[in-house]
Amino acid sequence: MAQEEIKKVETPAETAEVKATKKTKKGKRLVQSGQAHIQATFNNTIISISDKNGEVLTASSAGANGFRGSKKGTAYAAGVAAEKAAELAKKEHGLSSVDVYVKGIGLGRDSAIRALSTAGIRIDSITDKTPIAHGGCRPKGERKP
């Protein structure tokens with residue numbers, strides 16, 4: 001005897017219910033210590049504060065705080081962005097201490113770290129994760145005499 005497979009076809013209403021149940025909003029977590037990642041480029045400074053596992057709690061950038069154009073790359077803009085991210089992390093998640101990871105060579109490196117400490121967050125360690133090129137691919141073009 002040949003057995004036939006019966007395929008269940010979901011209606012659009014059923015698929016909408018499935019999608020609605022999968023998306024659940026995470027509640028506010030209380031995190032005492034975390035990580036602050038600062039990416040400082042010449043054009044912008046991005047600060048994201050995460051827990052120890054790397055899950056982002058708050059993020060801010062110079063561009064998100066109203067600075068436009070070349071003003072985004074300034075040290076003042078980086079300080080404002082770091083201050084806003086730190087205040088949100090303290091208020092919403094109870095963050096009290098961070099390990100700082102800095103990447104990039106922009107003007108906002110030092111001022112972002114200083115703004116984190118003045119916001120009342122204790123800095124446990126500072127690590128520089130700036131990528132440094134060593135070697136690399138062979139350049140195009142003919143051999144030079």
Side-chain angles (χ1 to χ4, degrees), residues 6-145:
I6 299 173
K7 293 182 180 178
K8 184 180 177 188
V9 178
E10 292 182 348
T11 62
E14 289 175 336
T15 54
E17 285 179 31
V18 171
K19 288 180 184 176
T21 55
K22 285 184 182 177
K23 271 195 174 181
T24 57
K25 190 171 183 180
K26 291 184 180 178
K28 302 272 188 239
R29 294 179 291 146
L30 290 177
V31 179
Q32 293 296 316
S33 64
Q35 301 173 340
H37 296 271
I38 300 169
Q39 183 178 4
T41 64
F42 289 120
N43 295 324
N44 201 356
T45 303
I46 302 168
I47 294 101
S48 56
I49 298 177
S50 63
D51 60 3
K52 289 289 185 185
N53 296 329
E55 297 177 16
V56 176
L57 303 172
T58 60
S60 183
S61 69
N65 286 302
F67 295 95
R68 289 286 163 226
S70 61
K71 293 180 183 129
K72 287 194 300 185
T74 62
Y76 176 71
V80 170
E83 194 174 312
K84 184 174 181 184
E87 289 298 322
L88 276 171
K90 268 184 79 171
K91 186 174 75 172
E92 293 183 3
H93 301 284
L95 192 73
S96 60
S97 67
V98 292
D99 296 320
V100 178
Y101 296 95
V102 183
K103 186 184 280 188
I105 53 173
L107 298 172
R109 291 168 57 104
D110 300 331
S111 62
I113 296 169
R114 203 168 290 119
L116 285 174
S117 64
T118 56
I121 294 179
R122 191 178 81 242
I123 295 175
D124 294 333
S125 67
I126 300 172
T127 307
D128 191 358
K129 300 288 235 177
T130 304
I132 299 169
H134 52 282
C137 299
R138 177 171 123 12
K140 282 174 64 175
E142 290 184 24
R143 196 172 145 172
K144 298 189 172 51

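Treat the numbers as computed from the prediction; the structure is a model and nothing was measured. Numbering of residues begins at 1 and proceeds along the displayed sequence. Values below: all heavy atoms of this structure, side chains included; hydrogens, waters and symmetry mates excluded.
Atom NZ of residue Lys71 and atom CG of residue Asn65 lie 14.5 Å apart, to the nearest 0.5 angstrom. Annotation: the span from Leu95 atom CG to Asp51 atom CG amounts to 9.5 Å, rounded to 0.5 Å. Taking NZ from Lys84 and CD1 from Ile47, the interatomic distance works out to 11.5 Å, rounded to the nearest 0.5 Å. Atom CD1 in Ile38 sits 10.5 Å away from atom CG in Asp128 (nearest 0.5 Å).
With sequence neighbours left out, the side chain to side chain contact (heavy atoms under 4.5 Å, CB included) criterion links Gln32 to Ser96.
Judged by distance alone, the side chains of Asn43 and Thr41 never bring a donor and an acceptor atom under 3.5 Å apart. Side chain to side chain, Asp99 and Thr127 fail the donor-acceptor criterion of an N or O pair below 3.5 Å. With 3.5 Å as the limit, one finds no donor-acceptor pair spanning the side chains of Gln39 and His37.
Pairs engaging residues 40-69 under the ring pair (Phe, Tyr, Trp, His ring centres under 6.0 Å) rule: Phe67-Tyr76 [sequence neighbours left out].
Residues Leu57 and Glu92 fail the side-chain proximity criterion, which asks for heavy atoms closer than 4.5 Å.
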Side chain to side chain contact (heavy atoms under 4.5 Å, CB included) between Arg109 and Thr130, worked out: CA-CA 11 Å; Arg109 291 168 57 104; Thr130 304; 3.4 Å; yes
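Judged by distance alone, the side chain of Asn44 and the main-chain N or O of Ala40 form no donor-acceptor pair under 3.5 Å.
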